[in-house]
Amino acid sequence: MKNSLTAICILSVAALACNRIKDGNYTLELLTTNDVHGCWFDSSYTGGSQQKSLFAINSIVSKVRDSVGADNVLLIDAGDCLQGNNAPYYYNYIDTADEHLFPRLVSYMKYDAVCVGNHDIETAHPVYDRITSLLASYGIPFMGGNAIKNSTEVSEEEALANGYPFEDRYFPTYKIFSRAGLKVAVLGYTNPNMQAWLSESVWSGMTFKSLIPLVQQDVDKIRKKEEPHIVIVAVHSGTGEGDGTILESQGLDLYKSLRGVDFLVCSHNHRPYIAENDSICLINTGSHAKNVGHGSVTVTVKDGKVVSKKLSASNIPVDEKDADTVMRNFFRPDFLKVKEFTLSPVGYLDKDMATRSAYTGMSSYMNFIHTIGLKMTDAELSIAAPLTYDKTILAGQIVFNDLFTIYPYENQLYVIKMTGKEIKDYLEQSYDLWITTDSTDHLLRIQQTDDPRNNQKRWSFVNRSYNFDSVAGLFYTVDIDKPAGERIRILSMADGKPFETGREYKVAVTSYRASGGGNLLDKAGVNTDRIDERIVARYPEYRNMIYRYLTENKSVTQDAISERNTIGGWEFIPRLKAKKLLEKDMSLLFGEE
């Protein structure tokens, strides 16, 4: 008995000794990525120049690890990993028998943690649940601490005061690491505005909470329980304005308010951003493997306690030419699989389709999107926006790769009920985002801003072009001389029948829009919190519906997608004034033709 007690005492003393950190300086290097959006391979599937990729990122990561020692480095991704181009699509939906490529890639690169992005949730339960399990098998948490299980018994009042138990989270919230001789806590969260982006069917079983005050509550709990020397918070949330008004972009809100956090990793808005002060650094690398975030912290310990920290942050530009050739060769078989799928023929296009033409009036590109909504469903009207900013699909054979240019996102196709008045109000809201209230110098609502990519001035839309919705199935005009709310004049239905403001119509929309994305439906009087009451039918993703259209019709012809009695038509008026202003604005946006 005495020997047992002695042994217990010795173990207890040893444990205390292990927890006590020696005096001295300790330096941890933090490397981050976010919004990679499928930029896994450095070669395109159709030829062309080398591209920024995980291969080039791994070159940077390897150099840092070789320089300071792998045990002194943490590598974190802040989300939107599973969507963006052909590679994730192929492994999400086509090749579901083999192990998914993404967990293999991040395991190879020795990522320590990955956050869940809104586009990761967009892939739906079968994909992200599988990824969560596969990443866990490699010891990598797929973190989304603000996704709360619907089964939680914690009231909203109690949650605001004390937070939620960690066991009530759908995804892991945090993980403790031992790096650089220090105890490091990494917490991860997803986008709190998920309900506005996606249909509930893809995120059933959970609810997404604001990062404020939840993150601070979690940090306080973890600091008390784990006593970490360094705390890192990664969020799939935009940098934002820091004024507390943007739910999906709470980065600066957190930066200004968090206590006990050393690094805050942000994402989502695709804009590189660095902020530093004496106690916390914010890192946002932008998107698409263009940068690697780098945070460095030197911790000074005296008498077994942390007495000071020195922090810094920056973005390291990625050189696409400096790709890890060993990694490239290792994943070459996966690349060839995706390439074969990407280049498989799916149909024929009889005329070039330029996506930029959608900003100036009727366009073959938007006609095709609207045709899917009208001819592949029983909808009477179609609402859609250009989702690709500026690309051209060339006439001739269409391969599967072209479908990602035509429709880059995994939005589902819904048919909902809207009244004629709501449709008219909806159009007013959409064009108010699109065109200026003063049509003297510009027609399009554009501005000259600093381009963070090259530190030069450029012209761009004030608002997101993926919210520039037009309606097919109607004939209408948009009067650029009228004030907001009075621009739209609906002449008739496409088939010549009268348009009735008091009648209900079946309207094709995206799941993003139906869930409140862009806030256009709500502004038009449609309560998207109760959208289920209006949904007539749900269809697969738009891209799948486009693929189905090509399978059935073999080709996309201008005659088929431009039938006036189906598509209808719209234009800016007065015509001559609009034409002159549009030519000027398009030249500013895209250069001389």
Side-chain angles (χ1 to χ4, degrees), residues 37-51 53 83-90 92-95 288 335-376 382 384-411 413 465-466 468 470 472 540-564 566-567 569 586 589-593:
H37 284 293
C39 295
W40 300 347
F41 302 118
D42 66 333
S43 302
S44 72
Y45 311 108
T46 57
S49 60
Q50 200 168 6
Q51 300 176 346
S53 66
Q83 176 274 342
N85 69 22
N86 315 37
Y89 185 87
Y90 176 77
N92 288 347
Y93 307 113
I94 306 301
D95 184 359
H288 294 87
F335 172 78
L336 293 176
K337 283 183 183 179
V338 179
K339 182 176 181 179
E340 181 182 8
F341 163 71
T342 294
L343 300 181
S344 58
V346 295
Y348 182 84
L349 178 65
D350 72 343
K351 186 179 179 181
D352 292 355
M353 290 197 307
T355 63
R356 69 168 70 166
S357 64
Y359 310 128
T360 62
M362 295 290 289
S363 73
S364 59
Y365 168 61
M366 288 309 303
N367 285 351
F368 184 38
I369 302 298
H370 284 308
T371 294
I372 301 302
L374 292 172
K375 292 191 175 181
M376 303 297 287
S382 167
L387 298 187
T388 299
Y389 177 68
D390 183 29
K391 292 288 180 67
T392 298
I393 305 96
L394 298 176
Q397 181 176 271
I398 303 174
V399 297
F400 202 90
N401 188 62
D402 295 318
L403 303 191
F404 288 86
T405 300
I406 297 170
Y407 208 96
Y409 301 115
E410 271 71 60
N411 296 331
L413 171 55
S465 57
Y466 55 68
F468 298 171
S470 59
E541 290 83 1
Y542 259 90
R543 195 186 305 116
N544 286 351
M545 297 298 288
I546 292 170
Y547 181 70
R548 185 182 298 179
Y549 177 92
L550 288 165
T551 301
E552 295 176 2
N553 295 277
K554 310 302 181 187
S555 63
V556 179
T557 66
Q558 298 306 302
D559 288 343
I561 65 174
S562 303
E563 297 173 355
R564 299 279 284 178
T566 299
I567 295 294
M586 293 294 282
L589 286 168
F590 303 108
E592 297 292 339
E593 288 293 309

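Source: prediction; values computed, not measured. Reckoned from all heavy atoms, side chains included, excluding hydrogens, waters and symmetry mates.
- Counting non-hydrogen atoms of neighbouring residues, nucleotides and ligands closer than 6.0 angstrom, the OH atom of Tyr93 exceeds 12 such neighbours.
- Between Met362 and Ser562, the closest side-chain pair of non-hydrogen atoms is not below 4.5 Å.
- Rounded to the nearest 0.5 Å, atoms CG (Leu413) and OG (Ser382) are 8.0 Å apart.
- Of all heavy-atom pairs spanning Val346 and Leu550, the tightest one is O-CB, 3.3 Å.
- When all heavy atoms are compared, the tightest approach of Arg543 to Pro408 is NH2-O, 3.0 Å.
- Residues passing the side chain to side chain donor-acceptor pair (under 3.5 Å) test with Thr566, sequence neighbours excluded: Glu563.
- Rounding to the nearest 0.5 Å gives a distance of 4.5 Å between OG of Ser470 and CE of Met366.
- Note: Tyr542 and Tyr407 have parallel aromatic rings, judged against thresholds of 30 and 60 degrees for the angle between ring planes.
- Gln558 and Asp350 get closest at one heavy-atom pair: N-OD2, 3.1 Å.
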Kindly indicate, with the supporting measurements, whether the criterion ring-ring contact (aromatic ring centres under 6.0 Å, His included) is fulfilled by Phe590 and Tyr389.
-> CA-CA 11 Å; Phe590 303 108; Tyr389 177 68; 5.3 Å; yes
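- Residues Ile369 and Leu387 form no side-chain contact, since every pair of their non-hydrogen atoms from C-beta on lies 4.5 Å or further apart.
- The aromatic ring centres of Tyr409 and Tyr466 sit 6.0 Å or more apart.
- Remark: side-chain polar atoms of Ser357 are not paired, donor with acceptor, to backbone N or O of Ser363 under 3.5 angstrom.
- Residues Met545 and Pro540 come closest through the heavy atom pair SD-CD, 3.6 Å.
- Atoms CG and CE, on Asn367 and Met353 in that order, are 9.5 Å from each other to the nearest 0.5 Å.
- Asp42 contributes atom CG, which lies 8.0 Å from atom CZ of Phe335 (distance to the nearest 0.5 angstrom).
- Closest non-hydrogen pair, Ala560 versus Lys375, comes out as O-NZ, 2.8 Å.
- Of the options Asn86, Asn85, Asn401, a side-chain hydrogen bond (donor to acceptor under 3.5 Å, both in side chains) to Thr342 is made by Asn86 and by none of the others.
- Side-chain contact between Ile561 and Ile567 is absent, with no heavy-atom pair separated by less than 4.5 Å.
- In this structure, the side chain of Thr388 does not engage the main chain of Thr355 through any donor-acceptor pair within 3.5 Å.
- The side-chain heavy atoms of Ile94 and Phe400, taken from C-beta on, include no pair separated by under 4.5 Å.
- Annotation: Phe341 is not in aromatic contact with Tyr45 [ring centroid separation under 6.0 Å not met].
- Between Lys339 atom NZ and Phe41 atom CZ the span is 12.0 Å, to the nearest 0.5 Å.
- Taking CG of Asp402 as the reference point, atom CG of Leu343 lies at 9.5 Å (rounded to 0.5 Å).
- Considering every non-hydrogen atom in both Ser53 and Trp40, the closest pair reads CB-O, 3.7 Å.
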